[in-house]
Amino acid sequence: MTRERGMKHTALTGAWMAAILLAGCSARSPIPEGAELIPSDVTFAISVDVPAIQNSELYKRYQSDERFFGSNRVNFFKFAEATGLDPSADIKRLLFMARAGDAGIEEMSGVVSGTFDGRKVHDFLADSGLPRRQVGGIDIFEFLVIEDRCRFCLAVLDASTAAFGDGETLTKIAQVKGGAAPALAGEERAARLLRRIGRG
């Protein structure tokens, strides 16, 4: 093999190896939708594919049972019409997250993402007169406050993402979104585990 041919061979081998490495990097599974918002102090998280649950036989069996759905159906449709958010059709991913303490789980909150109109939901909440506070430009609406702590809050994070649950966790989620607090996905080991879940 001549020197020129050897150099070409080496260059081609190097380019081939670089292409494999790049393909491997780009083929890495993404983290589940919404997982980039998980605060770093969360103990565990569960990602739920909502359409897959709704297509299950168990869900269909209970959906047709008026004892489970009938009593709240009117309020459900009123809320859906007012906000433009129909949970049964517009939510595609539910991400539950919890923090644990010495006595067990301290609280559980969640992030929902889907096809709803976040601005319409936000405006409905703003017009409702609910108390709210702002963190990093995000309004956190307080539904249930016990001993000066919001136990159930709701915040619209963007056009198709909202968070609900404990006020302290929603504050941290808003800070993560604004870049003022670290996210769990920023830790390499946690990010690897999240990528294993993937969007499916």
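A salt bridge does not link D49 with K92: none of the charged nitrogens is closer than 4.0 Å to a carboxylate oxygen. Looking at K177 and D158, a side-chain N of the basic residue comes within less than 4.0 Å of a carboxylate O on the acidic one, giving a salt bridge. A salt bridge does not link E142 with R132: none of the charged nitrogens is closer than 4.0 Å to a carboxylate oxygen.
Annotation: L130, atom CG; neighbour count of heavy atoms from other residues, nucleotides and ligands within 6.0 Å is above 12.
Closest approach of V111 to G34, counting heavy atoms only: CG1-CA, 4.4 Å. The two residues I140 and V135 make their nearest non-hydrogen contact at CD1-CG2, 3.8 Å. Minimum interatomic distance between V156 and G118 (heavy atoms only, all atoms of both residues): CG1-O, 3.4 Å. Residues D139 and Q134 approach most closely at OD1-NE2, 3.1 Å, considering heavy atoms. The two atoms that bring G167 and C153 nearest to each other are CA-SG, 3.9 Å, heavy atoms only. Nearest heavy atom pair, residue F143 against residue C150, reads N-SG, 4.3 Å.
Residue L144 holds its CG atom at 11.5 Å from CZ of R149, rounded to the nearest 0.5 Å. The distance from atom CG of L170 to atom CZ of F164, rounded to the nearest 0.5 Å, is 9.0 Å.
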Query - Test side chain to side chain contact (heavy atoms under 4.5 Å, CB included) applied to I38 and F44, step by step - result: CA-CA 10 Å; I38 302 175; F44 70 87; over 6 Å; no
Query raised in the report: E168 and R99: side chain to side chain contact (heavy atoms under 4.5 Å, CB included), yes or no, with the steps?
Result: CA-CA 11 Å; E168 290 185 11; R99 286 185 290 123; 3.8 Å; yes
Requested in this report: For side chain to side chain contact (heavy atoms under 4.5 Å, CB included), just list the numbers for T43 and M97, CA-CA rounded to whole Å, side-chain angles, deciding distance to a tenth of an Å, and then say yes or no.
Outcome: CA-CA 8 Å; T43 307; M97 58 191 81; over 6 Å; no
Query raised in the report: What's the verdict on side chain to side chain contact (heavy atoms under 4.5 Å, CB included) for V48 and I46, showing C-alpha distance, side-chain angles and the deciding distance?
Result: CA-CA 6 Å; V48 179; I46 301 169; 4.2 Å; yes
Query raised in the report: What's the verdict on side chain to side chain donor-acceptor pair (under 3.5 Å) for E107 and T169, showing C-alpha distance, side-chain angles and the deciding distance?
Result: CA-CA 9 Å; E107 61 87 15; T169 298; 2.3 Å; yes
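Side-chain atoms of I173 and P39, non-hydrogen and from C-beta on, do get closer than 4.5 Å to each other. Between K172 and D41 the shortest side-chain heavy-atom distance falls below 4.5 Å.
No donor-acceptor pair closer than 3.5 Å links the side chain of S113 to the backbone N or O of S160. The backbone N or O of L95 lies less than 3.5 Å from no partner atom in the side chain of S47, so there is not a single donor-acceptor pair.
Checking I91, L157, D90 one by one against V112, the side chain to side chain contact (heavy atoms under 4.5 Å, CB included) holds for a single residue, I91.
The cluster map of Ile, Leu, Val, Met, Phe, Trp and Tyr, joined by side-chain heavy atoms under 4.5 Å apart, puts L94 and I105 in the same cluster. In the hydrophobic clustering of ILVMFWY residues, with side-chain heavy atoms under 4.5 Å counting as a link, L37 and V42 come out together.
In this structure, F141 and H122 have perpendicular ring planes: the angle between them is above 60°, well past the 30° mark.
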